[in-house]
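A quick write-up on the structure given underneath.
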Amino acid sequence: VELNEGIETIGFAACAFSNAIEEIKLPESLTSFDKMFYACKGLKSIRIPGNVKNIPAGSFKECTALENVIIEDGVESIGQDIFYDCISLKEVTLPESIKLASKNVFYNCSSLDNVKMPSRMPVTSGMFSGCKSLKNIELNNNIAFIGDSSFYDTSLESIVLPESVKKINSNAFLNSENLKTVTFTS
């Protein structure tokens with residue numbers, strides 16, 4: 001599906017629960033959408049243009065076939081549960097422009113295996129909880145804390161925490177049975 005250039009806003013749940021849409025090309029003119037793709041079970045790939053400053057909560061929740069997401073530079077915040085239960089998600093390109101993230105961003109993305117965090121994006125509560133394939137993560141040098149249950153039930157084998165980390169919240173690495181090494185830099 002390709003949407004025409006000139007479209008700026010797409011309303012609440014416009015394509016929600018669609019099983020037929022596998023790929024959609026969003027126009028560069030798009031500035032906002034609201035849970036447009038919630039539970040689109042057939043959606044496999046999407047690119048979010050940089051003119052969309054905020055990706056709302058639950059936007060791709062339960063898109064179980066979603067494998068690849070490219071979020072272009074310009075997007076500044078991502079909402080709660082944005083990729084919740086996207087069990088096929090393997091790769092996400094996150095731009096440096098992201099400064100805010102709510103909780104449970106990648107909750108139960110069981111195929112997600114490698115993530116490079118933007119330099120200003122926080123590690124929020126439940127961010128990678130249930131990401132059973134996550135073995136590697138490159139954290140930025142600006143994070144101040146690791147949120148509650150951020151890495152609960154992952155396959156992380158090691159992690160390097162930058163010296164900027166001042167607080168590790170409850171259950172941050174709970175049930176991450178493969179975690180052998182936690183390195184604190186100074």
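Atom CG of residue L89 and atom OG of residue S45 lie 10.5 Å apart, to the nearest 0.5 angstrom. Atom SG in C86 sits 10.5 Å away from atom CG in D81 (nearest 0.5 Å).
Taking the six-membered ring where tryptophan is involved, the planes of Y38 and F17 are perpendicular, since the angle between them exceeds 60° and thus also 30°.
What you find for G74 and S97 is that their closest heavy atoms are N-OG, 2.8 Å.
No hydrogens or angles considered: a donor-acceptor pair under 3.5 Å links the side chains of D85 and N108. Side chain to side chain, E5 and S29 meet the donor-acceptor criterion of an N or O pair below 3.5 Å. Counting only N and O atoms by type, the side chains of T154 and S176 include a donor and acceptor under 3.5 Å apart.
Residues K25 and R47 are in side-chain contact: their nearest non-hydrogen atoms beyond the backbone lie under 4.5 Å apart. Using a 4.5 Å cut-off on side-chain heavy atoms (C-beta onward), T183 and L161 make no contact.
One hydrophobic cluster, built from ILVMFWY side chains closer than 4.5 Å, cannot hold both I87 and M127; they sit in different ones. Taking hydrophobic clusters as Ile, Leu, Val, Met, Phe, Trp and Tyr residues chained together by side-chain heavy-atom distances below 4.5 Å, I146 shares a cluster with V105.
The environment of F83 atom CZ is dense: over 12 non-hydrogen atoms of other residues, nucleotides or ligands sit within 6.0 angstrom.
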